[in-house]
Amino acid sequence: MAITRPRGTNDFLPEDTSRWQAVEAMLRQICREFAFDEIRTPIFEETDLFIRGVGNTTDIVQKEMYTFTDRGYRSLTLRPENTASVCRAYLEDKLYGRIQPVKLYYMGPMFRYERPQAGRFRQFHQFGVEVIGTDSPYADAEIISLAWEFYNRLGIRDLKLYLNSVGCPDCRPRYREALQDYFRPYLDQLCDSCKDRFDRNPLRILDCKSEICQNIGKDAPQIYDYLCDTCADHFEQVKQILDAAGAEYLLNPRMVRGLDYYTKTAFEIVVEDIGAQSAICGGGRYDGLIEELGGEPTPAVGFALGMERIFSALKAQGDDIEIEDDCSVFVISSPENQQTRKAAFSLCYELRRLDIKSELDYEGKSIKAQLKAANRINAAYAVIIGSEELAAGQVIVKCMKDGEQTTIALADVKEYLLGR
RNA sequence: GUGGAUGUGGCGAAGCGGUCAACGCACCGGAUUGUGGCUCCGGCACCCGAGGGUUCGAUCCCCUUCAUCCACCCCA
């Protein structure tokens, strides 16, 4: 095979796309119930949007972006995530002038240049929601419950919801310093990646898989002791609202968000048994992003969930989405009689207009072969238009399940089949 | 970017230095007259990811390369 698809991309075949469509329909339905409207933004944007929006220090910006120069010498980037674009649209399209908050959802492909692995692709698909224009903890709780409801409806089990607060530009730096002060004496004992993390993102040391680092980090200061009053209060309210709603969450003070723009609430939904990339949904509050992009200070919350990981989880848990793979009617004609073939074509067309899924043979195969084809695609009925039948204005309707067949008038087939 | 595993027909899968590269599934055709699903018969890899090398001889050994999978990193 000469040309293959680019590394880390997938072809979704009919047996896949029907499942995707079912999940997408479920997501749209839930969004309707929660009063979110869809937004579609470009798949590529000016590179600077992501540098400013996602954060120059993040892995995404530093090594994972698909950036190219177009013929007008503009630097463009395939979107690695969609929140920055939605915020850009909020400003550019003046959504701040509408009723606040603005509640939007999106779904579509995202692109990150990473080594592929279980649950990780270079082109992957996210569904996400954003609530822009309110700092209410109810908004945080709302989107969390939306995500949770979705997974429950889908039937994914053993989910864990991790909740944390990562503070804000007022209080996070203080915590960061406290952590660095704490780890500094142990710096040369930490694992290699944690030595890097020390400067880049000391919060991540707490989450290291190495036992040594875990042990060293045991008595490290907790974020909760450093949150400012505003953040602490907000966090407290989110927890109380979730408690009141009966949501089960786990506080995870070590959970860090990868993207620079997060403030206050951070959450993650995780399923075991889909491999190392077990985060199936991640989100939080990003009160500083709109301002960073040149707008008025505007609070917002959102999350993104990975579509591919949904299917991994379903598969790992032995579940599948019910899909219809049968055809209702196969119309058969006599291969040697063009009149019957045309009559079959016409009947097929009419059945389709009645919303009856119908097929017929194009190749002039023998009746035996056509019946075989009907059987193979799981047709419920075969309608046989033979020369003799056509001459008499009749057709044979054969039930493929039990083999019973009856001869009826051609004019009556549609009604007959509609009644089945 | 780093590490490990793998790469034989549409799919699954034997063979691992020397007979025509097993087998199963799928697919195609046939088993008398216009009728499927079962059974039976027949067909289906000048080639073993690609390129080089070693050898009298390589799918099986070596090198390079590409791809896939898994893990690190990070994240959805």
Side-chain angles (χ1 to χ4, degrees), chain A residues 1-10 13 54 57-64 79-83 107-128 147 191-194 196-197 200-201 204 207-210 255-259 262 267-271 274-283 302-313 330 332-337 340 361 363 365-390 396-405:
Chain A
M1 199 182 300
I3 299 177
T4 55
R5 61 185 188 267
R7 179 157 216 208
T9 63
N10 288 111
L13 303 178
V54 177
T57 64
T58 59
D59 276 20
I60 291 179
V61 169
Q62 295 226 314
K63 48 189 193 190
E64 296 174 1
R79 62 184 188 192
E81 56 95 53
N82 207 209
T83 298
M107 47 179 131
M110 308 295 159
F111 305 85
R112 284 158 31 186
Y113 189 88
E114 299 183 87
R115 281 286 285 269
Q117 119 188 32
R120 169 192 288 172
F121 309 95
R122 290 185 173 181
Q123 176 178 333
F124 60 103
H125 299 77
Q126 287 187 332
F127 162 87
C191 75
D192 287 347
S193 28
C194 281
D196 288 343
R197 288 169 176 142
R200 186 163 296 300
N201 195 345
R204 272 205 193 292
D207 215 15
C208 184
K209 281 155 191 151
S210 145
M255 187 181 62
V256 182
R257 299 274 73 215
L259 285 53
Y262 283 107
F267 69 94
E268 204 162 90
I269 298 175
V270 167
V271 228
I274 62 167
Q277 308 305 315
S278 55
I280 202 173
C281 176
F303 71 73
L305 61 84
M307 298 290 289
E308 283 83 354
R309 290 181 188 178
I310 290 171
F311 295 100
S312 303
F330 197 103
I332 294 172
S333 54
S334 295
E336 69 288 348
N337 185 331
T340 66
D361 167 62
E363 315 295 342
K365 283 197 199 124
S366 67
I367 287 183
K368 178 195 183 86
Q370 291 183 66
L371 229 14
K372 208 169 180 174
N375 185 60
R376 198 152 37 188
I377 65 171
N378 262 318
Y381 292 94
V383 174
I384 304 171
I385 308 180
S387 298
E388 294 162 26
E389 287 78 17
L390 185 63
I396 298 168
V397 177
K398 175 165 185 162
C399 173
M400 296 301 286
K401 198 171 179 184
D402 55 23
E404 298 274 319
Q405 57 182 56

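Computation of the quantities below employed the complete heavy-atom set of this structure, encompassing side-chain atoms and omitting hydrogens, waters and symmetry-equivalent molecules. Just so we're on the same page: letters track the sequence lines, and every chain starts at 1.
Residue contacts shown for A/Ala118 are limited to sugar-phosphate atoms, with no base heavy atom under 4.0 Å away. Among the atoms of the strands shown, none is found under 4.0 Å from any heavy atom of A/Tyr113. Nucleic acid contact class of A/Gln370 (heavy atoms, under 4.0 Å, all strands): none. When heavy atoms are screened at a 4.0 angstrom cut-off, A/Gly386 is found touching base atoms of the nucleic acid. At a threshold of 4.0 angstrom between heavy atoms, the contacts of A/Gly283 with the nucleic acid are absent. Nucleic acid contact for A/Glu389: base, since at least one base atom lies under 4.0 Å from a heavy atom of the residue. Among the protein residues, A/Gly403 comes within range of the nucleic acid bases, having at least one heavy atom under 4.0 Å from a base atom. Heavy atoms of A/Glu388 sit under 4.0 angstrom from at least one base atom. In this structure, A/Met307 reaches neither bases nor backbone, as no heavy-atom distance under 4.0 Å exists between it and the strands shown. Here A/Ile60 lies out of heavy-atom contact (under 4.0 Å) with every strand. Counting non-hydrogen atoms under 4.0 angstrom, A/Glu114 reaches a base of the nucleic acid.
Between A/Arg7 atom CZ and B/C66 atom P the separation is 9 Å, expressed in whole Å. Across the protein-nucleic acid pair, A/Ile367 atom CD1 and B/G36 atom C1' stand 12 Å apart, rounded to whole Å. Put simply, CD on A/Glu64 is 11 Å from C1' on B/G1, counting in whole angstrom units. The distance between atom CD1 of A/Ile385 and atom C1' of B/U35, rounded to the nearest whole Å, is 15 Å. Rounded to a whole Å, the CG atom of A/Asn375 is 7 Å from the P atom of B/G37. A/Gln62 places its CD atom 13 Å from the C1' atom of B/G1, with the value rounded to the nearest Å. When rounded to the nearest whole Å, the span between CD of A/Glu81 and P of B/A76 equals 8 Å. For the pair A/Asn337 CG and B/G34 P, the interatomic distance rounds to 13 Å; values are reported in whole Å.
Nearest heavy atom pair, residue A/Glu308 against residue A/Phe124, reads OE2-CA, 3.4 Å. The minimum heavy-atom distance between A/Gly119 and A/Arg309, with the atom names listed, is O-NE, 2.7 Å.
Note that CD1 of A/Ile332 is 12.5 Å distant from NZ of A/Lys368, once rounded to the nearest 0.5 Å. Distance check, rounded to the nearest 0.5 Å: CD of A/Glu388 to OG of A/Ser334 gives 8.0 Å. Atom OG1 of A/Thr340 sits about 7.5 Å away from atom CD1 of A/Ile367, to the nearest 0.5 Å.
B/G52 and B/U2 have their P atoms separated by 27 Å, with the value rounded to a whole Å. Between B/G10 and B/C66, the distance separating the two C1' atoms is 22 Å to the nearest Å. Here, B/C69 and B/C25 have their P atoms 29 Å apart, quoted to the whole Å. Rounded to whole Å, the P atom of B/C60 lies 11 Å from the corresponding atom of B/G17. B/U32 and B/A50 have their P atoms separated by 44 Å, with the value rounded to a whole Å. Taking the C1' atoms as reference points, B/A13 lies 8 Å from B/C23, given to the whole Å. Between B/C46 and B/G51, the distance separating the two P atoms is 15 Å to the nearest Å. Taking atom P on both nucleotides, B/G49 is separated from B/G9 by 8 Å, rounded to a whole Å.
Checking B/G34, B/C72, B/G36 against every side-chain atom of A/Ile396, the shortest atom distance belongs to B/G34. Residue A/Lys368 places its side chain closer to B/U35 than to any other of B/U35, B/A71, B/A76. The listed nucleotides are B/U35, B/U68, B/C74; the one nearest the side chain of A/Ile384 is B/U35. Of the candidate nucleotides B/C72, B/U35, B/A76, B/U35 has the atom lying nearest to any side-chain atom of A/Gln405. Distances were taken from every side-chain heavy atom of A/Gln277 (C-beta onward) to each of B/G36, B/C74, B/A76; the shortest belongs to B/C74.
Within 3.5 Å, a donor on the side chain of A/Gln117 pairs with an acceptor on the base of B/C73, or the reverse. Taking 3.5 Å as the limit, the base of B/U2 and the side chain of A/Arg115 contain a donor-acceptor pair of atoms between them.
A/Arg122 has its side chain within reach of A/Tyr113: a pair of non-hydrogen atoms, C-beta onward, lies under 4.5 Å apart. Residues A/Leu371 and A/Met400 have side chains in contact (heavy-atom distance under 4.5 Å, counting atoms from C-beta outward).
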Write down the protein N/O and nucleotide N/O pairs, taken from nucleotides 24-28 of chain B, whose separation is under 3.5 Å; answer none if there are no such pairs.
{"unit_1": "B/C28", "atom_1": "OP1", "unit_2": "A/Arg376", "atom_2": "NH1", "d": "3.4"}
{"unit_1": "B/C28", "atom_1": "OP1", "unit_2": "A/Arg376", "atom_2": "NH2", "d": "3.3"}
{"unit_1": "B/C28", "atom_1": "OP2", "unit_2": "A/Arg376", "atom_2": "NH1", "d": "2.7"}

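Partners of A/Arg120 according to the salt bridge (Lys or Arg N to Asp or Glu O under 4.0 Å) rule, which considers only residues two or more places apart in sequence or in another chain, are A/Glu114. For A/Lys372, there are no salt bridge (Lys or Arg N to Asp or Glu O under 4.0 Å) partners at least two apart in sequence or on another chain. Partners of A/Asn337 by side chain to side chain donor-acceptor pair (under 3.5 Å), not counting sequence neighbours, listed by chain and number: A/Ser387. A search for side chain to side chain contact (heavy atoms under 4.5 Å, CB included) contacts involving A/Asn10 returns A/Arg5, A/Phe12, A/Phe121, not counting sequence neighbours.
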For this session: Go ahead and write out RNA chain B as dot-bracket, 5' to 3': ( ) for pairs within the strand, [ ] for ones crossing earlier pairs, | when the partner sits on another strand, dots for unpaired; Watson-Crick or G-U wobble, both distances under 3.5 Å.
Result: ((((((((.[[[..)..(....]]].(((((.......))))).....[[[[[..)....]]]]])))))))....

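A/Ser278 places no side-chain N or O within donor-acceptor distance of the main-chain N or O of A/Ile274, the cut-off being under 3.5 Å. Side chain of A/Arg79 to main chain of A/Pro109: a donor-acceptor pair is present (N/O by atom type, distance under 3.5 Å, no hydrogens or angles).
Residue A/Arg120 has no polar side-chain atom (N or O) positioned under 4.0 Å from OP1 or OP2 of B/C70.
Each of A/Phe124 and A/Ala276 lies near RNA chain B, and the nucleotide nearest A/Ala276 is the one positioned closer to the 5' end. Mapping A/Ala369 and A/Gly8 onto RNA chain B by nearest heavy atom places A/Ala369 at the nucleotide closer to the 5' end.
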